[in-house]
Amino acid sequence: MNTSELLEKIAFNVIQGRVEAEDDGFDPGLEGRPAVTELVTEALNQNIDPKKILMESLTESMETVGEKFEKKEYLIPDMLASAECVGVAMDLLAPHLIKAGVESKGKFVIATVKGDLHDIGKNIVAIMLKGAGYQVIDLGTDVSVDRITTTVKEKQASFLGLSALLTTTMRVMGEVVQKLKEEGIRDRVKVLVGGAPTSIEFARKIGADAYCKDAFQALEIMKK
Amino acid sequence: MIIIGEKINATLDAVKTIILNRDTKSLLDLTQKQTAAGADYIDVNIGTGVGSQADEIRSIKWAIESIQGHVATPLCIDSADPKVIAAGLETLNGKPSMINSAKAEKHSLEAVVPLAAQHDSLLIALAMDEDGIANTVDGRLPSCEKICNACQKYGIPFENLYIDPLVMPISTDINSGLVTLETIFAIKKSFPGAKTVTGLSNVSYGLPQRRRLNIAFLHMCIFAGLDAAIVDPLDQELTAAIKTAEVLAGKDRYCRRYMRAYRT
């Protein structure tokens with residue numbers, strides 16, 4: 001397989017959501033063929049530029065997945081399968097990217113705020129950002145205001161993503177922004193918010209920098 | 001879950017006629033319909049009950065020669081007679097196959113298990129021995145053990161073994177369904193790697209609304225860990241029930257098969 005064939009195959013399998021050869025994909029009959037793990041390993045053995053794998057196979061294919069999700073052609077499990085592929089590929093690529101001196105696009109702290117245990121959307125965003133080349137620090141769910149702001153400060157993160165799925169917990173996002181101001185680090189970090197009850201109006205009201213309807217919009221906004 | 005298509009069975013009058021008349025076209029049609037519906041194996045039972053052993057051997061050869069070359073789906077040779085099974089396997093000439101079946105009786109195991117080893121065939125074996133079918137889990141497990149011992153003796157990996165825990169009607173013994181389910185659990189626990197297969201529909205014999213009972217029972221068997229079922233793949237309610245139960249039991253990674261069935 002030459003380089004472009006291999007990169008195309010990796011992209012195809014990310015879209016199909018196949019981590020290992022035994023996995024079936026979105027389309028039937030793919031079981032047994034090499035999948036993301038085998039193909040990325042093969043690509044690295046062939047000394048293909050890891051950055052190229054990242055950009056041409058992972059990032060681009062996740063954009064395709066995003067489009068399919070928007071069109072409702074893909075449902076949640078399809079997207080999670082593809083996201084898992086990117087996560088696995090990134091774990092394989094990470095040491096090579098560091099060796100190649102590829103710098104991350106920046107540190108991104110992400111958390112579901114205090115009182116809220118929902119993490120499906122947050123996890124998807126985290127994996128997508130990883131796939132797009134950010135160094136993601138995922139604090140998990142039910143994370144206190146203090147822990148979020150302390151992490152942003154200590155890690156000197158450039159970006160902060162906050163998630164909440166409840167109308168009762170979304171107000172915590174406002175408290176986080178407030179605390180960042182009190183700590184004097186609000187200007188150093190871009191704050192993105194997301195989750196079902198949030199909106200552009202809400203983001204504006206609490207003084208966040210952006211509202212993301214979903215993981216793909218988050219990536220779009222990050223590009224800008 | 002492996003689906004073994006049950007429709008080529010000479011105990012059904014229409015199939016008996018096909019076999020006696022050597023109606024190649026109808027036989028092939030019955031095969032292709034099951035393949036198209038998603039059968040992983042096609043069961044072939046040519047025991048019309050009217051001929052001699054030599055007749056059955058001629059019939060199995062005819063049936064396999066008629067089907068192979070036209071259909072890629074592997075065949076499951078269904079006979080109680082080891083000579084008929086042997087003839088079928090020889091006709092298949094090394095193609096992937098399944099044997100249906102051996103019993104846990106000494107002479108059956110000694111005749112059939114070596115055939116499975118020789119032809120690298122998957123083997124269905126029934127949890128019944130010289131004393132018949134036990135009506136408790138503890139009674140059926142010794143049969144399963146005899147089967148497993150025979151497989152080890154002849155070098156058949158447990159992965160190639162499908163034990164039929166057997167299904168008796170609940171109309172005559174209300175515990176029958178439970179005994180099958182618990183036997184599936186027990187096989188999985190006692191003989192790691194060994195698989196399970198069953199025919200299901202006997203459970204509802206003698207009762208009204210059999211389909212409802214069969215489907216509910218199928219759900220439960222899948223929960224218990226059933227690996228294969230001998231069913232009518234053209235029965236869409238049944239194949240839908242398999243997908244539904246498997247996704248709920250965590251056997252369908254990222255709900256792939258369930259969602260694919262919904263799309264198509």
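Letters go in sequence order (proteins before strands), and every chain restarts at 1. What you are looking at is a predicted structure, and each value in this text was computed from that prediction instead of being measured. Below, each value reflects all heavy atoms present in this structure, side chains not excepted, and no hydrogens, waters or symmetry copies.
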Tell me whether the count of non-hydrogen atoms from other residues, nucleotides or ligands lying under 6.0 Å of CG in B:Leu248 goes above 12. yes
Show the nearest heavy-atom pair for residues B:Arg253 and A:Asp24, with the distance to one decimal. NH1-O, 3.3 Å
So which of A:Asp27, A:Asp23, A:Leu75 has the biggest tally of heavy-atom pairs under 4.5 Å with chain B? A:Asp23
Tell me if the OH atom of B:Tyr262 is crowded by more than 12 foreign heavy atoms within 6.0 Å. no
Using a 6.0 Å cut-off, check whether atom CZ of A:Phe202 has over 12 heavy atoms from anything other than its own residue. yes
Quick one: closest heavy-atom pair of B:Tyr254 and A:Glu84, and the distance? OH-OE1, 2.5 Å
Determine the minimum heavy-atom distance between A:Ala81 and B:Arg256, stating which atoms define it. CB-NH2, 3.2 Å
Which bit of A:Gln16 is near chain B, if near means a heavy-atom gap under 4.5 Å: side chain, backbone, both or neither? backbone
Taking CD in A:Gln46 as the centre, count heavy atoms belonging to other residues, nucleotides or ligands within less than 6.0 Å. Is the count above 12? yes
Whether over 12 other heavy atoms sit under 6.0 Å from A:Glu73 CD: yes
